Each structure stands twice: as structure tokens, then as C-alpha cells.
Amino acid sequence: MIRTFESPAEYVQGRHAIDQLGERVAPLADSALLIGDSDVLEIVGADAESNLEGHGVDTTIEEFGRESSQVEIDRITELAEDLGTEAVIGAGGGKALDTAKAVRENAGGAMVSMPTIASTDAPTSSLSVIYSEDGEFERYWFYDDHPDLVLADTAVIAGAPARFFRSGIADAMATWFEADAVHRASGDNFFGEGPTRAAHRLSKLCYELLREHGASAVEAVEAGIVTESVEAVTEANTLLSGLGFENGGIAAAHSVHNGLTQLEATHHATHGEKVNFGIVSQLVLEGRDDAFIEDVIDFSVELGLPVTLAELGVEDPSTADLDRVAEAALADGETIHNAFDVTADDVRDAMVAADDLGGKRL
Ligand SMILES: NC(=O)c1ccc[n+]([C@@H]2O[C@H](COP(=O)([O-])OP(=O)(O)OC[C@H]3O[C@@H](n4cnc5c(N)ncnc54)[C@H](O)[C@@H]3O)[C@@H](O)[C@H]2O)c1
Ligand SMILES: [Zn+2]
């Protein structure tokens, strides 16, 4: 079996890491197009621009329209090509970073991820998740290249609403359960090859850090302060989860997430919040014992993560709705097939059971 492990070229994390943006981008490019939505630009736009310009990187800023859709990718690609910029910098959450990656794929040059929230493991990966303009999951888009630089400023991340940080913990917890399921089923990683032992162990370290530091890190972010717990969890959410999911492979939790996007009512829930429900659904599919599942649910509840469909916005779902979610979770190419041989009835019933178990622990 061929095993592969790939990663971004450089990862930088810490309080005021943004002060190093210019010196780290300058060796990669003489000009940059920085994209972020209006809220993100308000927070980091001016600092990023002056730091880049201060290191001789000619910088253009463009407001991102908030959805990683083909239409938005095409619009920004045209701008990057017209400007002839040598680097695309994505600032913000997963959607801005995924859009920046797609623009780099189209326009060439270097790609820099500057996550301003630790909400997902998108910053390090070499793929984008593409949605319709209405926010429904459409497809994954895989690239040959990883980001050239990932720069995470923990002062910015700890200053953001804690909900994003909690969501990143859920996305990162899924990394362990999914990589472990793929490992046991001899499934593939995101590169279509076997996962390395390193990927499996990094995913486990990711989960351990979350269990050890998750609660205190969430409290710190609620207070807007940076502690070593915040550093540990940011690293787990961003670096370890990113390396772990891509190199270790994902499974049912993310397929349930993708299925849930079929229901309009879930669109206000974050990626991580939907993934959290997917984790418990996956554990039910695996036939884990009651105590194990209750422990994961209790940790989620302690952190304030949703464990029921109602918390995701879906009150009293009809069987037809749940069947639609289950069928979407089992669509061709879905990652659930990496580790599970199950039917739509199995997935629907696992979601009903997860919802029921979650409701009992609230
Ligand atoms: N490509 C991958 O490998 C990968 C992995 C996981 C998730 N994803 C994708 O990532 C997306 C979800 O990302 P997300 O949950 O980060 O949502 P998001 O990108 O929509 O960002 C959420 C919000 O955070 C706000 N924000 C960002 N930084 C802030 C700050 N410092 N302070 C205040 N507000 C701030 C933004 O304005 C935005 O409204 C989904 O599309 C998902 O599919 C991709
Ligand atoms: Zn995810």
C-alpha cells in the first residue's frame, strides 16, 4: 500500500503573529490580493495591509461576499488575473480561505491562509468546499498545492465570538473519530492513498489536547484573553485537525454534516455545530457503547456544542426530511463510504438515536 502525508509549507501561530505577515509573504510574492468579508477587514484589513506594504508587498484588498460559491470564486479570480497579483491571501473563516484557495488554483501564484477564527480545519488543507449561492453543499474541489503559509494570530482568534472557537473544537474532535474509523476500515485519506501512522497519531493528539484544554480555552476566549490553553486548542483546531483530516481521511460525521445542509433550517448553524451532531451519529453507527457516547455528549454539552437537531434549528423533523438528509449523506463520493457500509435507513436511525441520546443529557 502507498501511504502519503502532505502539508502546508509553513505554519505560524501566536499572539500578534499578524505582525510577521509582511516578512513571511515577501519571499513568496511582490504583490498580493487580500480577501476578507467586511467584518474581517474591519478587524485585520488595515494592519495586514500596512504590514505587507511595509515589507514591499504591493497589496490590494477586496471584500469577500461571504459564500464560497463558484460565482464568487469566478468574480475574484477575474480581479486577481486583471491585477496580475503573485499571492492570494484569505482572511477570515473557512469560506474566505476556501475561496482564496480556489482563486489561487485559477490564477496561480502563492496562497496564504490567515484564519481570524479557529472555527474549522480549512486553513491548512489543499481543498475547498464549494456551496451554491444559497448555502447548499455542492462539492469538494481538490488541488495539487497546499497553502504556502498559514498564519494564525491568537490575539485576533481569542477576540472573536467564542461560538466560532467552540465550533472549531467540534470540527477537530471529528478529525479523531473519523481518522480512527478510516484507519480501522483501511480506508483512504483525502489524497486517495493509505493514511500514515503519523496522521493517525496527530489526530489522536488533537483529540487529547481538546479534552485536556477545551473547557478552559473556551472560558478564556469568552473573556477575550490568550492563554496556553487557547494556544493548545488553536493548534488542535487549526494545524492538527487540518493535518489529521486530510492525511487521515474523514468518514460519517462530515457526510451527516453535508446531508444536514439540505435542510434550510440548519443554515444558521456553523460547520462545526453540524459536524458535532454528525460525530454522535457516527458513534451510533459504529455501535459504540452507551458510556462512551454519553461521555462525548457530556463534553459537548459542557462546551456548549449542540447535541440535538432542535439546537441546530430543526424542530420536529419529518421522516421525509431525515430521509433526505440520510440520502444526501450517502451520495456518491461521500466520505462515509470510506469507512461504513450502511444504508439510508441506518443513517436516518443513527441520527434519530443521536438526537434522542443528546436530548437526554441536556
Ligand atoms: N477546505 C477545508 O478543508 C474545510 C474544512 C472544514 C470546513 N470547511 C468549510 O469552512 C466553512 C465554514 O467556515 P466557518 O465556520 O469559519 O464559517 P465562515 O467562513 O462563514 O465564517 C463565519 C463568520 O466569522 C466571521 N469572523 C471571522 N473572523 C472573525 C473575527 N475575528 N471576529 C468576528 N467575526 C469573525 C466572519 O465574518 C463570518 O461571518 C464551510 O464552508 C465548510 O465547508 C472547509
Ligand atoms: Zn470539517
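In each ligand, atom 1 is the first atom listed, and ligand 1 is the first ligand listed. Just so it is clear, the structure is predicted and the values come from calculations on it, not from any experiment. For this chain, numbers begin at 1 and follow the sequence in order.
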With atom 43 (O) of ligand 1 as the reference point, say which of F64, Y131, F164, F142 has the nearest heavy atom.
Y131
Ignoring angles and geometry beyond distance, decide whether P161 reaches within less than 3.5 Å of ligand 1 through its nitrogen or oxygen atoms.
no
Side chains of E294 and R288: does their closest heavy-atom pair fall under 4.5 Å?
no
Can you sort out which atoms of ligand 1 are near A160, meaning under 4.0 Å from one of its heavy atoms?
30 (C), 31 (N), 32 (N)
Taking the basic N atoms (NZ, or NE/NH1/NH2) and the acidic carboxylate oxygens, is any pair closer than 4.0 Å for E133 and R66?
no
Option with minimal heavy-atom separation from atom 12 (C) of ligand 1, where the choices are V40, T120, T99:
T120
protein heavy-atom neighbour closest to atom 7 (C) of ligand 1 works out as H271 NE2, 3.5 Å
L52 vs I89, side-chain contact (heavy atoms from CB on, under 4.5 Å): CA-CA, chis, key distance, verdict
CA-CA 11 Å; L52 287 160; I89 304 176; 3.7 Å; yes
Are H200 and W176 close enough that their ring centres sit under 6.0 Å apart?
yes
Establish, yes or no, whether the cationic atom of K95 lies under 6.0 Å from the six-membered ring centre of Y131 and within 45° of the ring axis.
yes
Do you know which N/O/S atom name in H271 is closest to the Zn ion (ligand 2)?
NE2
Within-shell test, H257 vs ligand 1, heavy atom, strictly < 4.0 Å:
no
Heavy atoms only, cut-off 4.0 Å: how does L97 contact ligand 1, side chain, backbone, both, or neither?
neither
To which protein heavy atom is atom 10 (O) of ligand 1 closest, and what is the distance rounded to 0.1 Å?
G94 CA, 3.3 Å
With atom 4 (C) of ligand 1 as the reference point, say which of A158, A172, A96, A122 has the nearest heavy atom.
A122
Are any of the N or O atoms of K95 closer than 3.5 Å to those of ligand 1?
yes
Hey, is E246 touching ligand 1 through its side chain, its backbone, both or neither, going by heavy atoms under 4.0 Å?
neither
Nearest non-hydrogen protein atom to atom 16 (O) of ligand 1, with distance, is S119 OG, 2.5 Å
Options D98, I43, T175, ranked by nearest heavy atom to atom 1 (N) of ligand 1, top entry
D98
To the closest 0.5 Å, what do you measure between CD (E315) and OG1 (T308)?
8.0 Å
What protein heavy atom sits nearest atom 2 (C) of ligand 1, and how far away is it?
S125 OG, 3.4 Å
Checking D321 against L263 for the side-chain contact (heavy atoms from CB on, under 4.5 Å) test, could you report, in this order, the C-alpha distance in whole Å, the side-chain angles of both residues, the deciding distance, and whether it holds?
CA-CA 7 Å; D321 277 348; L263 305 182; 4.0 Å; yes
E246 vs F190, side-chain contact (heavy atoms from CB on, under 4.5 Å): CA-CA, chis, key distance, verdict:
CA-CA 5 Å; E246 219 181 5; F190 258 92; 3.9 Å; yes
Of the choices V44, N258, D121, which has the non-hydrogen atom that lies closest to atom 5 (C) of ligand 1?
D121
State whether E273 and R163 are salt-bridged, where the test is any N-O pair (Lys NZ or Arg NE/NH1/NH2 against Asp/Glu carboxylate O) under 4.0 Å.
yes
Ignoring angles and geometry beyond distance, decide whether D171 reaches within less than 3.5 Å of ligand 1 through its nitrogen or oxygen atoms.
no
Heavy-atom check, side chain of I117 versus side chain of F165, under 4.5 Å
no
When you measure from the heavy atoms of F245 to every atom of ligand 1, does any distance fall below 4.0 Å?
yes
Give the minimum heavy-atom separation between T234 and A118, together with the two atoms involved.
CG2-CB, 4.3 Å
If we check side-chain contact (heavy atoms from CB on, under 4.5 Å) with L41, which of these qualifies: I35, T116, I61?
I61
By number and element, which atoms of ligand 1 are closer than 4.0 Å to a non-hydrogen atom of R66?
37 (O), 39 (O)
Give me the residue, atom name and distance of the protein heavy atom closest to atom 31 (N) of ligand 1.
T116 O, 3.0 Å
For ligand 1, which atoms sit closer than 4.0 Å to a heavy atom of K101?
1 (N)
Would you say D37 and ligand 1 have an N/O pair spaced under 3.5 Å apart?
yes
Distance in Å, I169 CD1 paired with N237 CG, rounded so as to fall on 0.5 Å steps
5.5 Å
Do I130 and Y140 come close enough that some side-chain heavy atom pair is under 4.5 Å?
no
At the Zn ion (ligand 2), what is the angle formed between atom NE2 of H254 and atom OD1 of D171, rounded to the nearest 10°?
100°
